[in-house]
Amino acid sequence: MSDSTAIAHGAAAGTHHEHPPYLRHHFESVDQQTDASNFAMWLFLLTEVMFFGGLFTVYMIYRNWYYPAFSAASHQLDVMLGGINTVILITSSFTMALAVWCAETRKKSGLVAMLVVTFLLGVVFLGIKGHEYKEKWDKHHFPGASYSVQAFVNPASDPLQVNAQGKPLAPLAPDMAARTEMYFCLYFAMTGMHALHMLIGMGILIFMIFRARAGAYTEGHSAYVNYFGLYWHFVDIVWLFLFPLLYLINRH
Amino acid sequence: MSQISPVLWQFLSKWLTHFALFPPEASKIAPQLDALYFFILLVSLVGLTIVVLLLVGFSVLYSKERHPVAEQIEGSTLLETTWTIIPLGLFLIMFVWGALIYFRVFTPPANAMNIYVVGKQWMWKAEHPGGQHDINALHIPTGQPIQVTLISQDVFHSFSIPAFRVKREAIPGRYTTVWFEATRTGTYHLFCTQYCGTGHSAMIGDVVVMTPDDYKKWLQGSTSGHSLAQDGERLFASLSCNACHNARPDARGPSLANVYGSKLTLSNGQQVTVDEAYLRQAILNPSEHVTQGYLPIMPTYQGQISEEGVIDLVEYIKHLDSDYRVQQTTNTTTLLPESEGKAAQAGGNSAAAPGKVNP
Amino acid sequence: MSATIISLPDQSTARIPKRNYLTQENGILSWLLTQDHKRIGLLYLMSITMFFFIGGALAGLIRLELLTPQSDLLAADTYNKVFTMHGIIMIFFFLVPSVPAVLGNFFLPMMIGAKDLALPKMNLASWYFYMAGGILALWAMITGGVDTGWTFTTPLSTHYVNTNVVTTGLAIFIAGFSSIFTGLNFIVTIHKMRAPGMTWFRLPLFVWSNYAAAVLMVLGTPVLATALILVVLERVVGIGIFDPTKGGDPLLFQHLFWFYSHPAVYIMILPGMGVISEVVSTFSRKRVFGYTAVAFSSVAIAVFGFFVWAHHMFIMGISSYAALVFSLLTMLVAVPSAIKIFNWAFTLYKGSITFETPMLYAFGFMGLFTIGGMTGVFLGTTGTDIHLTETYFVVAHFHFVMVGGMLMAFLAGIHFWWPKMTGRMYPEKISQLAALITYIGFNLTFFPQFILGTLGMPRRYAAYPAEFQVLNVFSTAGATVLGVGYLLPMLYLTWSIKYGKIAGDNPWQATGLEWQTQSPPLTENFAEMPVMDHEAYDYEWLERQKEKEVASVG
Ligand code: HEA
Ligand code: HEA
Ligand code: CUA
Ligand SMILES: [Cu+2]
């Protein structure tokens with residue numbers, strides 16, 4: 001063995017005894033470990049930004065091309081439900097932040113409670129989203145063979161196609177009306193991807209709730225709660241973009 | 001051995017008869033593009049030679065036998081700047097030169113004769129203005145700029161004539177154009193170069209370049225009886241476009257006479273120049289650009305007309321001068337190959353010539 | 001013989017160290033559940049080798065079919081499936097993971113003096129994602145194949161073919177995670193895990209180039225995921241995002257696809273360039289000429305590489321002005337590669353050069369990559385691209401950079417680090433022969449394709465006009481030679497695991513930290529944590545170390 005490089009005796013030897021159990025073998029110190037995983041988490045979020053960035057680009061292009069269709073179709077969405085969902089998600093972000101705080105200050109029951117509340121808010125969000133999907137499905141606004149442009153070529157037949165004063169909107173020409181399908185393609189693709197991220201997050205939440213009840217995060221090592229919090233906030237922020245882009249196209 | 005030698009012989013004879021290192025130059029742009037090609041080739045060869053000389057030279061001079069101990073050198077700003085600036089300069093020359101050629105290939109001259117080409121799985125269908133159809137072939141005269149307006153009916157295809165050094169994608173739902181002027185008679189390859197499914201490699205044909213006289217003969221010999229514009233005229237009637245576009249004072253749609261080439265103001269305030277692409281869009285997606293002063297009542301014809309039908313309509317509208325009543329007097333006997341031939345011969349504005357629907 | 005720097009320990013007394021990462025644990029599970037970056041590197045090595053030979057067998061089929069002008073050996077639809085799978089396997093399951101996931105995984109932590117990558121579990125997960133994707137792709141191939149070409153061009157892939165597009169798309173999507181995980185891991189490791197004294201400008205250039213590639217992986221791959229998901233959705237539920245009849249724009253797909261796939265070509269070449277830096281420096285006993293320029297040129301390639309994607313679409317109906325901009329940027333991105341080539345060449349200047357196998361492959365790389373890169377400039381020039389695009393000229397271009405460039409670099413790296421990975425040397429003479437065979441076979445295979453492309457022969461053709469046959473016969477003959485050139489290393493490297501000479505710690509007298517520990521290394525890489533107290537490639541430091549050692553022993 002000819003490791004002829006000079007050796008950092010102090011660094012290696014000094015900390016050897018005080019290794020907390022959660023320090024992985026290949027890190028020199030807890031600081032380094034936290035630093036590294038924190039950085040990794042941010043990088044991961046960056047990949048998510050690129051992923052949604054692709055979708056947002058597609059959305060922007062088509063919205064530009066088919067603006068009348070997009071703004072007419074957005075009337076099919078319920079701003080009320082979307083707004084409630086926005087509030088719910090923001091609240092859940094807040095409870096998640098509280099959960100992180102509880103973990104850092106080693107409040108086990110608080111942590112569990114906050115995670116559960118976050119989880120439940122997620123359930124409500126997805127419930128409302130599911131209800132909205134169902135509405136679209138029933139109205140044949142799900143893209144595909146059975147898609148119907150009825151509401152847009154004949155707005156009078158549809159109670160949702162009204163302006164702020166309650167008057168029916170102008171009908172779209174048939175070819176522009178057909179472009180509303182593009183809007184719903186993007187609506188389902190984008191909110192669907194968002195919902196998928198919520199589902200994954202909630203899966204992790206369940207896992208964390210069980211671990212938290214066993215006291216996992218309240219004994220000094222709260223990093224995982226922290227990282228998950230970042231993820232949850234990110235999903236929340238994506239929604240904060242989706243909501244105005246999809247629901248509020250011309251309802252300033 | 002006795003079996004191998006015939007094979008070898010075959011191979012050798014093939015080598016001798018079919019061997020080429022460079023494609024024929026059969027269009028006006030070809031020598032220009034080749035000049036650039038050889039310039040880049042030259043730069044590459046010089047660059048490669050320098051690299052190889054450096055590698056071999058240093059390997060010989062400083063091999064361990066000759067030069068047992070290396071001298072440590074950090075680098076050299078001067079040298080490194082040199083080999084940053086020189087390639088950059090050369091690449092920029094190529095860029096500018098290439099851009100000039102690129103614009104030349106994709107900007108047709110005003111007097112070009114327009115031929116439509118529809119690509120579909122897996123054939124090329126060329127439509128001459130006089131109504132002649134070419135399947136997997138393209139007949140053209142020398143000395144006449146030809147503009148090819150391409151569209152695909154299904155997937156991406158690519159219209160490639162190596163001997164002319166031109167190539168252009170045929171895109172579903174959009175016209176693209178390319179132009180060339182053949183300089184040498186002969187038969188050249190026409191390829192589909194964009195992968196388009198199972199029959200991709202069968203989507204090939206011949207470009208037959210003829211003297212203007214032969215071309216005229218060919219036009220007369222292969223006429224289908226009516227020009228594109230006349231086909232369009234019939235379609236215009238049978239799809240009852242004339243219910244709205246009839247130039248009567250109470251017409252619900254705008255008059256289409258002389259609309260081609262004019263500037264329209266759209267209801268959203270935009271200004272557009274009417275070209276083939278605009279006409280096509282106006283028929284298939286009317287409400288994406290509604291003309292100012294009109295309601296978006298025109299129905300879409302998406303899915304009801306084939307691309308060839310759209311081409312017929314476009315040709316018809318392009319050549320509407322003033323009078324809608326021509327459509328009642330369509331007369332398919334006095335047909336266009338002649339005027340077509342004249343146009344080709346004169347090399348003049350042949351695009352207008354066949355359009356005179358009114359005989 | 002003085003013409004070598006190999007210095008092996010006395011074979012009669014030398015032993016492979018008893019305790020090393022290979023003997024640390026035993027049993028198949030200890031491999032499948034390992035979090036040791038070195039073992040994961042080996043897992044990757046075995047799997048990508050398997051995929052390479054599958055892809056190579058498919059290449060063999062392509063070349064056999066093209067022996068004659070008619071499509072007689074394979075029907076057109078089979079041929080299309082064959083080249084599609086060849087492209088997909090070679091790119092996504094061989095070349096993208098080749099150097100980073102095998103050599104990078106193994107050596108990057110060692111080079112910066114770390115015990116492991118920052119996220120070992122994610123590293124293992126990356127291999128599982130890779131395998132899941134790979135097996136799914138093979139499954140798609142066996143159950144009917146896919147015939148879209150590796151570029152999945154819409155609307156062909158979404159509406160006009162009936163093959164396993166969805167399965168293959170998902171396979172690549174899944175494999176994408178492995179790429180993202182590897183890249184992410186590299187970035188975090190390089191930022192946070194460097195040994196004391198290992199400043200950014202003391203990093204070996206291999207680390208720099210992998211860092212640049214990792215940035216591309218992390219930022220590019222998610223966009224490919226978006227594109228693939230949209231294709232899959234379009235096929236499964238019929239959303240119309242790329243469907244022209246529904247108002248979608250089929251070109252948009254190509255924008256999304258090339259936004260990843262152009263940077264992906266730099267994912268494929270940059271790590272290879274890193275290998276060349278290490279090899280050229282080691283075998284000429286000199287610091288890489290202009291270290292900073294070489295390091296920054298990697299970063300420049302990574303940054304500019306994101307803004308040239310539309311050079312794959314010059315004739316596709318993008319606006320002429322867009323074509324101009326992308327052509328100009330393509331020219332800019334070509335410059336850093338030229339800088340690297342010249343810097344490597346001048347590394348030889350006043351060196352003390354020996355010609356072991358890794359160096360031979362590195363020479364091969366420099367020559368062939370120059371040709372491949374310059375032909376890329378032909379294609380990046382808008383004017384000439386009109387004539388050359390979608391012909392065999394493009395095929396030849398990318399095989400020159402990918403096979404002549406990256407594959408050569410990979411083989412250089414495998415030979416270079418083989419003694420470190422296994423503790424044993426590969427047989428030198430036969431491997432030099434193999435390098436030569438590869439070089440000859442390669443040129444015979446792909447050089448004629450430049451001429452074919454200039455003559456206008458379109459790519460992806462199962463049948464072609466008879467006048468192109470002669471050159472195609474050359475190409476096929478070359479592929480046979482090339483196949484032998486690739487089978488040889490496979491055989492003798494396997495042989496050497498058991499029978500090769502014992503290599504000792506540092507057979508090449510190289511300066512990297514990875515050479516300053518035992519071969520094969522310990523699971524934790526270093527017995528004691530290293531401190532970097534000198535520049536990278538400091539051969540004088542190495543001399544001093546040796547003297548010190550001799551003094552202390554003697
Ligand atoms: C490892 C992969 C790799 C690499 C590194 C490159 C590198 C480059 N590529 Fe290539 N490319 C591909 C893989 C790669 N490519 C693939 C797979 C395709 C086809 C995809 C498909 O359609 O299936 C493709 C296609 C492709 C096209 C599209 C062709 C078409 O379809 O029409 C273009 C066009 O611009 C292009 C350009 C370039 C350029 C300019 C570089 C530059 O980065 C090269 C820079 C290098 C040099 C320039 C050489 C060094 C220079 C010197 C030593 C200087 C010489 C001296 C003097 C000038 C004095 N490539
Ligand atoms: C890393 C990438 C990579 C690598 C290494 C290779 C390696 C090779 N490739 Fe390929 N190739 C691509 C990436 C790659 N290719 C891509 C991306 C395409 C485009 C696909 C598309 O258009 O969609 C392509 C397309 C492509 C074509 C064009 C097909 C067409 O357009 O119609 C051809 C034709 O000659 C070809 C040939 C070869 C050959 C001869 C090799 C040789 O180097 C391979 C040599 C190796 C072996 C031969 C294997 C070793 C030997 C054995 C396993 C013995 C057993 C052999 C048999 C039973 C035959 N490749
Ligand atoms: Cu049409 Cu290829
Ligand atoms: Cu590219």
Side-chain angles (χ1 to χ4, degrees), chain B residues 14-15 18-21 23 33 36-37 40 44 47-48 51 54-55 58-59 62-65 67-73 75 80 83-84 87-88 91-92 94-95 98-99 101-103 105-106 154-156 158 162 165 167-169 171-174 176 191 193-198 200-201, chain C residues 2-3 76-77 80 149 153 155-156 160-161 244 250 285-287 289-290 293 315-317 320 323-324 327-328 331 334-335 338-339 341-342 345 348-354 363 366-367 370-371 374 377-378 381-384 386-387 390 451 454-456 458 460-463 465 467 469-470:
Chain B
K14 220 173 218 155
W15 167 287
H18 282 313
F19 198 70
L21 288 174
L33 196 140
L36 173 58
Y37 180 95
I40 309 181
S44 307
L48 184 65
V51 171
L54 287 176
L55 294 182
F58 289 156
S59 296
Y62 303 111
S63 69
K64 190 165 161 113
E65 283 104 338
H67 198 250
V69 180
E71 279 168 48
Q72 297 303 324
I73 303 167
E80 289 176 51
W83 62 63
T84 309
L88 179 65
F91 292 159
L92 288 181
M94 295 168 195
F95 158 71
I101 298 218
Y102 182 81
F103 274 87
V105 172
F106 292 132
D154 35 48
V155 302
F156 281 83
S158 193
R165 311 287 188 278
K167 188 180 283 142
R168 185 63 151 174
E169 205 79 1
I171 302 175
R174 176 135 57 103
T176 49
F191 291 126
T193 49
Q194 176 63 273
Y195 177 65
C196 56
T198 311
H200 167 56
S201 61
Chain C
S2 73
D77 55 342
N80 296 344
T153 323
L156 182 71
Y160 289 89
V161 296
R285 323 297 309 149
K286 264 187 69 204
R287 180 184 162 86
F289 193 87
I315 64 157
M316 303 253 184
S320 305
L324 274 194
S327 173
L328 180 62
M331 295 305 169
V335 174
I339 297 179
I341 294 272
F342 285 114
L348 303 178
Y349 175 66
K350 299 212 168 159
S352 173
I353 307 164
T354 57
F363 278 125
M366 288 188 267
T370 303
I371 301 179
M374 284 308 302
V377 176
F378 279 73
T381 307
T382 41
T384 34
I386 296 173
H387 176 53
E390 294 161 3
I451 305 173
T454 307
L455 288 170
R460 297 169 168 175
Y461 262 30
E467 74 229 46
Q469 189 179 6
V470 173

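Residue numbers start from 1 in every chain, and the chains themselves are labelled A, B, ... in the order their sequence lines are given, proteins ahead of strands.
- When each of B/Ser44, B/Ser201, B/Pro23 is scored by its heavy-atom pairs under 4.5 Å with chain C, the top score falls to B/Ser201.
- Between chain B and the residues C/Gly317, C/Ala338, C/Gly149, the most heavy-atom pairs under 4.5 angstrom are made by C/Gly317.
- Once rounded to the nearest 0.5 Å, the distance linking CE of C/Met316 with OG1 of B/Thr176 reads 11.0 Å.
- Between atom CG of residue C/Leu156 and atom CG of residue B/Asp154 there is a gap of 9.0 Å, rounded to the nearest 0.5 Å.
- For B/Glu71, the parts lying near chain C are the backbone and the side chain together; criterion is any non-hydrogen pair under 4.5 Å.
- The minimum heavy-atom distance linking B/Ala70 with C/Arg285 is given by the pair CB-O, 3.4 Å.
- Scanning for side-chain hydrogen bond (donor to acceptor under 3.5 Å, both in side chains) contacts around C/Glu390 gives B/Ser158, B/Thr193, B/Gln194, with sequence neighbours left out.
- In this pair, C/Tyr461 and B/His200 present their aromatic rings perpendicular. The plane angle is above 60°, beyond the 30 to 60° band.
- Crowding of C/Tyr349 atom OH: a count of heavy atoms from other residues, nucleotides or ligands under 6.0 Å not exceeding 12.
- Distance check, rounded to the nearest 0.5 Å: CG of B/Leu48 to CD1 of C/Ile371 gives 5.0 Å.
- Per-residue heavy-atom pair counts under 4.5 Å with chain C were compared for B/Ile171, B/Val51, B/Leu36, B/Ile73, and the maximum is reached by B/Ile73.
- Interface residue C/Ile386: backbone and side-chain heavy atoms are both found under 4.5 Å from chain B.
- Contact tally against chain B (heavy-atom pairs below 4.5 Å) for C/Gly456, C/Pro458, C/Ala463: the top residue is C/Pro458.
- Counting heavy-atom pairs under 4.5 Å between each of C/Ile341, C/Val377, C/Leu324, C/Asp77 and chain B puts C/Leu324 at the top.
- With a threshold of 4.5 angstrom between heavy atoms, B/Val69 approaches chain C through N, CA, C or O but not through any side-chain atom.
- For the pair C/Phe363/B/Ser59, a side-chain contact is recorded, criterion being any heavy-atom separation below 4.5 Å from C-beta on.
- Using a 4.5 Å cut-off between heavy atoms, C/Val161 makes no contact with chain B at all.
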Full working for side chain to side chain contact (heavy atoms under 4.5 Å, CB included) between B/Tyr62 and C/Leu348: CA-CA 7 Å; B/Tyr62 303 111; C/Leu348 303 178; 5.9 Å; no
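- Ranking B/Gly47, B/Gly173, B/Pro172 against chain C, the residue ahead of the rest is B/Pro172, based on heavy-atom pairs under 4.5 Å.
- Heavy atoms of B/Tyr37 lying under 4.5 Å from chain C belong to its backbone as well as its side chain.
- When each of C/Pro155, C/Gly351, C/Ala76, C/Ala345 is checked for heavy-atom pairs under 4.5 Å with chain B, C/Gly351 comes out on top.
- Going from atom CG of C/Asn80 over to atom OH of B/Tyr195 covers 3.5 Å, rounded to the nearest 0.5 Å.
- Side-chain contact between B/Thr84 and C/Phe342: absent, with no pair of heavy atoms (C-beta onward) separated by less than 4.5 Å.
- Atom OG1 of C/Thr382 is separated from atom CE of B/Met94 by 12.5 Å, given to the nearest 0.5 angstrom.
- From C/Ile451, atom CD1 reaches atom CG of B/Leu21 across 5.0 Å, with rounding to the nearest 0.5 Å.
- Distance alone, capped at 3.5 Å, places no donor-acceptor pair between the B/Lys64 side chain and the C/Ser352 backbone.
- With a 4.5 angstrom heavy-atom cutoff, C/Thr384 touches chain B via backbone and side-chain atoms both.
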